[in-house]
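Owing to the predicted nature of the structure, the values given are computational and were not obtained by experimental measurement.
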Amino acid sequence: MQDTKRSGQLVLPGEKLGVIEEFVSSDGTYIEDGSIYSRVVGRVLVDLMTKNVSVHSLAQGSPVPSVGSIVTGSIASVQDSMASLRMFKIGMRYLSGFFTGLVHISDASFTYVESMFDVCRMGDLARAKVVSEKNTVYHLTLKGQDLGVLYGFCSSCGHVLTRKRPRMVCENCGNIEKRKTALDYGKGGI
Ligand SMILES: [Zn+2]
């Protein structure tokens, strides 16, 4: 683990990032003799969920989320008081790698919510805003009418949910669920 670079670190071409037993080589990297190296000058990104290691070239000016960024992604996990979002888009620009951000239940809505499962579910597509970044851990908020779930999927059959305020209805199986939706839920392209 000593050789392993952390997310956010600046690296040079040829710098060792990790070994293939632990990580998956992704954009901006190459493998030699079982180790993963950077191909470019840039910032390391380690996705702790997929173990993908990539380097975002500074030369290309790849977008990186920062405080205030509006990001779009898919919900990767949900717990009672926390959810994670795999961001794939900042503003209108698609990312070449993935960043993961966390939403705490206190940032889920201006109105009281009992559980994060009433806000979003795994696999939903959602829009969020970055409120803080510390050591490349992004904290996100869903507060605001433009933020929240854009497409929610039925927990039991996977069909896209229809918004029938205040509930979300699956027109395929009749399941009724809850979400914190964005104003343009179900309308836009992703
Ligand atoms: Zn259903």
Is it true that [Y] and [X] share a donor-acceptor pair across their side chains at a distance under 3.5 Å?
X	Y	result
E177	S155	yes
T50	N52	yes
S38	T29	no

**Request:** Run the salt-bridge test on K16 and E32 with the 4.0 Å N-O cut-off and return the result as yes or no.
**Result:** no
**D47/R86 salt bridge by N-O under 4.0 Å criterion** =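 The answer is yes: the pair qualifies as a salt bridge.
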**Request:** Just do the side-chain contact (heavy atoms from CB on, under 4.5 Å) check on L45 and V53 with the steps written out, would you?
**Result:** CA-CA 6 Å; L45 287 164; V53 59; over 6 Å; no
**Asked** Who passes salt bridge (charged side-chain N to carboxylate O under 4.0 Å, His left out) against K134, sequence neighbours left out?
**Response**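 Salt bridge (charged side-chain N to carboxylate O under 4.0 Å, His left out) list for K134, sorted by chain: empty.
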Counting only heavy atoms not in [X] (residues, nucleotides, ligands), do more than 12 fall under 6.0 Å from its [atom1]?
X	atom1	value
K143	NZ	yes
R167	CZ	no
K180	NZ	yes

**Message:** Quick one, M116 and D80 - any side-chain contact, counting heavy atoms below 4.5 Å?
**Reply:**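 No, side chains not in contact.
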Tell me whether [X] contacts the main-chain N or O of [Y] through its side chain, where contact means a donor paired with an acceptor under 3.5 Å.
X	Y	value
Y151	V160	no
E22	V19	no
D118	R179	no
R6	V46	no

**Prompt:** So K178 and E114, salt bridge (charged side-chain N to carboxylate O under 4.0 Å, His left out) or not? Walk me through it.
**Reply:** CA-CA 11 Å; K178 287 184 179 173; E114 200 172 296; over 6 Å; no
Return the minimal non-hydrogen interatomic distance between [X] and [Y], and the atom names on each side.
X	Y	result
V11	V44	CG1-CG2, 3.4 Å
N172	H159	CB-CG, 3.6 Å
G68	K129	O-CG, 3.9 Å
C120	V149	CB-CG2, 3.8 Å
L85	A128	CD2-CB, 4.2 Å

**Request:** Using the test side chain to side chain donor-acceptor pair (under 3.5 Å), find all partners of K187 that sit at least two apart in sequence or belong to another chain.
**Result:**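 In terms of side chain to side chain donor-acceptor pair (under 3.5 Å), with neighbours along the sequence ignored, K187 is linked to no residue.
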**Asked** With Q79, which residues qualify under side-chain contact (heavy atoms from CB on, under 4.5 Å), at least two apart?
**Response** M82
**Message:** Once rounded to the nearest 0.5 Å, what's the spacing between atom OG1 of T141 and atom CG of L102?
**Reply:**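 It is 13.0 Å, given to the nearest 0.5 Å.
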**Approximate separation, where rounding is to 0.5 Å, of C170 SG and I176 CD1** =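 One finds 10.0 Å between SG of C170 and CD1 of I176.
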**Prompt:** Using the ring of each side chain (for Trp, its six-membered ring), is Y30 parallel, tilted or perpendicular to Y37, with breaks at 30° and 60°?
**Reply:** parallel
**Request:** State which residue, out of D107, L147, V71, V131, fulfils the side-chain contact (heavy atoms from CB on, under 4.5 Å) condition with L140.
**Result:** V71
